[in-house]
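Order of the sequence lines fixes the chain letters, A, B, ..., with proteins taken first and strands second; residue numbering starts at 1 for each chain.
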Amino acid sequence: MATERYNAREAEARWQAAWNQADVYATSNDDPRPKYYVLEMFPYPSGRIHMGHVRNYSMGDVVARFRRARGFNVLHPMGWDAFGMPAENAAMQNKVHPKAWTYQNIATMRDQLKSMGLSLDWSREFATCDVDYYTRQQSLFLDFLAAGLVTRRQSKVNWDPVDMTVLANEQVIDGRGWRSGALVEQRDLTQWFLRITDFAEDLLTALDGLDRWPEKVRIMQRNWIGRSEGLRVRFELEDAPAGHATVEVFTTRPDTLFGMSFLALSPDHPLTATLAAKDPQLAAFVEECHHMGTSVAALETAEKKGYDTGLSVVHPFDGRRFPVHVANFVLMDYGTGAIFGCPAHDQRDLDFARKYGLTVVPVVLPEGADPATFTVGDEAYTGDGRLFNSDFLDGMAVPDAKEEVARRLESREIDGAPAGRRQVNYRLRDWGISRQRYWGCPIPVIHCEACGVVPVPKADLPVALPDDVEFDRPGNPLDRHPTWRHVDCPSCGRPARRETDTMDTFVDSSWYFARFTSPRADTPTIPAVADAWLPVDQYIGGIEHAILHLLYSRFFTRAMKATGHLSLDEPFRGLFTQGMVVHETYRAADGRWISPAEVRIEEKDGVRTAVMAESGEAVEIGSIEKMSKSKRNTVDPTDIIESYGADAARWFMLSDSPPERDVEWTDAGAQGTARFLQRVWRLVGEGVAIAPPAGTPAPAGASGLALDLRKAAHRALAAVGETIEGLRFNVALAKIYEFVNVLGSAVANERGRLESDPAAAAALREALEILVQVMAPMTPHLAEECWRVLGHDGFVSRQPWPEVDAALLVEDEITLPVQINGKKRADVTVARDADAPTVEAAVLALEAVQRALEGKAPRKVIVVPQRIVNVVA
RNA sequence: GCGGACGUGGUGGAACUGGUAGACACAGCGGACUUAAAAUCCGCCGGCUCCGGCCUUGCGGGUUCGAUCCCCGCCGUCCGCACCA
């Protein structure tokens, strides 16, 4: 009988409507079953979804559907990370309001996501630019402010003089603004900060407990937080200017104090400023340092430069005097902004000392080196060893010497304070969230001449963005709005001024996962509900968020705990970072990039060539790269879904490559997937014609073909379950292919037996149902359609995952490979529970073994039960 | 410079805890069906071979009855951080 081809376009639309009608994927907060929260990083509404989204959301949907079938109450929501600069850029370029642009994009992308057939609870959807959302965010900010988790202070920022805004470090490329191309200036601005550094230690130590996170991400966060233990050491200054009797440095190597040859100040150090006020040459040097730029390239090639201030400091132990320099490589915002230089054991200090002819005295002797001859050339010695040339430290190991110096300096007073203080330092900085931008969450404070900074009372929230703004000039439109910023002081009632800075959009994404648990509540969360759902059991997204978003969210969760909005520390129990979608690139003879849609690939004798589909003009096939607009090597998910179907797109995104690695999109692969899905459709159609009706139980105690089919089905069922659980989707799919191959050849070659043996036919029905159910997480539309063909009403999406019959997974007889001297030479088939002597006897009787032994007795026979036999001749 | 990951057929990859290397797929080749094409189905598909075998998981060693897996040393690719004292 001829089976109709599966019409993905028609069937997918029909099942999406049916799911929607029956509200299949809505989740209740009151469901008593165990919870499972699966979340994919929500998208920025840039315009259209891309294949990276398809991959990300396909993975999450497999997890969600699988867990639902396993009996969990699954929360699988979707929303929009909707504030940000692209909306304002669009406003400036195309004269469209950021709000209109954003919501239009959301509408488009929502339709695209819906066409993928994702099992999302759309009733919980929100965008971070919804007033309802950012109102709660303002409320959170006020709580953080009251709890002392927010500060306002001056800091150096990257200022783009053309766009007139602060730029994040990531937005400064080679010293220029990423959009304007203007040279970025360092400016001192008053900024709002969230005090993430208060949690530095906890954010660091808690990483150890995140055992379902990729090790790579944990290491990146660990390095980012950058904890180091050291000592602050205060030096007495000679001939010091008023107010600068001492200068303090931070060091992690107090053991090398006797190897000191200079002290260096940051150009931004207060003492530098004091000295520069009276020393025009120093002032010029400082100015020069500020113009050196912050780009990677500039730092890499930057020469060590210094300026001798003429001052001296006194060594705390032996009273020697050392010069004080201002040096370009000393950072003001790490440690104390000053260092002591020990050239023998620090490469930067060594470079500096060589340049300015300062002494180099080694004080740590590598093991086995001769103290009389050991010298340091162009490479500082930073390794371990024993102290020498170091007075009372001589002979000590490095750790002991560190301890001894700390101990002595702690109990020593200079100028009324201890000369040394142990200190733990972090690289992590407080999080500056002020942005001079319109399209963000307004910071809810008011500046009053009389009262200072006054928080907006919660009753007055929201501080809503005005709609009537102009984007005809760069800068922040909120600053130029005729009325918005004018407001009465909530405290004294006199005219005051609103804060016109908005929040960094990373704030918006730092708590959205908590908001999904009760998205319409009039408080940021309902604590009991948030606690019931959180943590997110499986979070899936790109590695590019390894630090910022994931660290901010970890901080935010702690801050929300401190302010009573939930009561846990870690938001994401399991984290998975998926690889990118990559594609071949194509270039025309004149060098312009050509999109895959315009290219036709031809293959002759294994050589692939490409031509323009229309003109036949030759096209060069280039390297495989991340899909990007600039290289035009993108494919549009909607085109793919229209030509192959959503199920095929989903399946292909999950097949072949392990999910953490990059996957290459190829048209041939997509076609192969579509062919496979047609094959499954035919198989189910042909199979159901032979199999007994729905409801027929699987045959118990089956044998022969029935048993073979049952074993194949239950083995696939077990393997698919295990591999999905481990997020090894590519392996899950391979197991399904294997299973389909078994079923396909049974239906094709064993038709007679299937028709004459009711047990085999019943086993076939069971197998087909299992096939449809294990495929349902990946290809839900096709699965629903097949489920109907198999004679069932209702949704396969609501079916529980079938139980594995463990008895069917074990073989009574097993075939063991037989090795002779580690090389496979034969097979032996024995009972599964045969003991070692029995197996050995069977092996030695084998003809191949006899031949290899040439009549001699084996030296040794190793029997690994149920695995392998190795005969050592 | 520091930190990390990876390296398996033409390609993507599989291989439980040290136990048959190459599952599964893509591409390719051969064949069947067809007036033809599409679709579908069947077969082959790491290398060498004196047809008994031999070699093969980047390279060189080591441990082991046995190594893609563990250890040491190289080579290569990719990613992250980067004057953090």
Ignoring hydrogens and angles, does a donor from either the side chain of [X] or the base of [N] sit under 3.5 Å from an acceptor on the other?
{"X": "Lys304(A)", "N": "rC83(B)", "value": "yes"}
{"X": "Arg348(A)", "N": "rA85(B)", "value": "yes"}
{"X": "Arg867(A)", "N": "rC16(B)", "value": "yes"}

For the [atom1] atoms, the ones on [N] and on [M], what distance do you get once it is rounded to whole angstrom?
{"N": "rA39(B)", "M": "rC48(B)", "atom1": "P", "answer": "32 Å"}
{"N": "rA36(B)", "M": "rG31(B)", "atom1": "P", "answer": "14 Å"}
{"N": "rA38(B)", "M": "rC33(B)", "atom1": "P", "answer": "16 Å"}
{"N": "rU8(B)", "M": "rU77(B)", "atom1": "P", "answer": "14 Å"}
{"N": "rA27(B)", "M": "rU17(B)", "atom1": "C1'", "answer": "36 Å"}

Could you give me the CA-CA distance, side-chain angles and deciding distance for Phe652(A) and Trp665(A), then say whether ring pair (Phe, Tyr, Trp, His ring centres under 6.0 Å) is met?
CA-CA 8 Å; Phe652(A) 184 54; Trp665(A) 178 271; 4.9 Å; yes
Where do Phe235(A) and His315(A) land on the ring pair (Phe, Tyr, Trp, His ring centres under 6.0 Å) test, with the steps shown first?
CA-CA 7 Å; Phe235(A) 289 83; His315(A) 192 281; 7.0 Å; no
If you look at every strand shown and take non-hydrogen atoms under 4.0 Å, does [X] touch a base, only sugar-phosphate, or nothing?
{"X": "Gln819(A)", "value": "base"}
{"X": "Tyr737(A)", "value": "sugar-phosphate"}
{"X": "Val872(A)", "value": "sugar-phosphate"}
{"X": "Ser228(A)", "value": "sugar-phosphate"}
{"X": "Val330(A)", "value": "base"}
{"X": "Asp349(A)", "value": "nothing"}
{"X": "Asn870(A)", "value": "base"}
{"X": "Arg429(A)", "value": "base"}
{"X": "Thr252(A)", "value": "sugar-phosphate"}

Can you name the residues that form a side chain to side chain contact (heavy atoms under 4.5 Å, CB included) with Thr577(A), not counting sequence neighbours?
Pro214(A), Val217(A), Ile543(A), Leu575(A)
Heavy-atom nearest pair, Gly337(A) first then His269(A), reads O-CD2, 3.4 Å
What are the two closest heavy atoms between Phe329(A) and Arg348(A), and how far apart are they?
CE1-CB, 4.0 Å
Does Glu625(A) pair with Lys631(A) as a salt bridge, N-O distance under 4.0 Å?
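Yes.
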In this structure, which one of Tyr307(A), Phe285(A), Phe352(A), Phe340(A) forms a ring pair (Phe, Tyr, Trp, His ring centres under 6.0 Å) with His325(A)?
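Testing each of Tyr307(A), Phe285(A), Phe352(A), Phe340(A) against His325(A), the sole residue satisfying ring pair (Phe, Tyr, Trp, His ring centres under 6.0 Å) is Phe352(A).
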Are there any protein N/O atoms within less than 3.5 Å of an N/O atom in nucleotides 36-46 of chain B, and if so, which ones and at what distance?
residue, atom, partner, partner atom, Å
rU40(B), O3', Arg682(A), NH2, 3.3

Each base of RNA chain B marked ( ) or [ ] if paired in-strand (Watson-Crick or G-U under 3.5 Å), | if paired to another strand and . if unpaired gives (((((((..(((......[....))).(((((.......))))).(((....)))..(((((..]....))))))))))))....
Let me know the distance between [atom1] of [X] and [atom2] of [N], rounded to the nearest Å.
{"X": "Gln866(A)", "N": "rU17(B)", "atom1": "CD", "atom2": "C1'", "value": "15 Å"}
{"X": "Ile543(A)", "N": "rG80(B)", "atom1": "CD1", "atom2": "P", "value": "9 Å"}
{"X": "Ile624(A)", "N": "rG13(B)", "atom1": "CD1", "atom2": "C1'", "value": "14 Å"}

If you count the non-hydrogen atoms of other residues, nucleotides and ligands that lie under 6.0 Å from CZ in Arg859(A), is the total more than 12?
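No - once you tally the heavy atoms of other residues, nucleotides and ligands closer than 6.0 Å, there are 12 at most.
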Quick check: are there more than 12 heavy atoms from other residues, nucleotides or ligands sitting under 6.0 Å from NZ of Lys626(A)?
no
Select from Gly337(A) and Ala734(A) the residue whose nearest nucleotide in RNA chain B is closer to the 5' end of that strand.
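Its nearest nucleotide being more 5', the pick is Ala734(A).
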Judged by nearest nucleotide, the residue sitting upstream toward the 5' end of RNA chain B, Val864(A) or Asp333(A), is Val864(A)
List the steps, then state whether ring pair (Phe, Tyr, Trp, His ring centres under 6.0 Å) holds for Trp651(A) with Tyr737(A).
CA-CA 12 Å; Trp651(A) 181 273; Tyr737(A) 278 117; 5.8 Å; yes
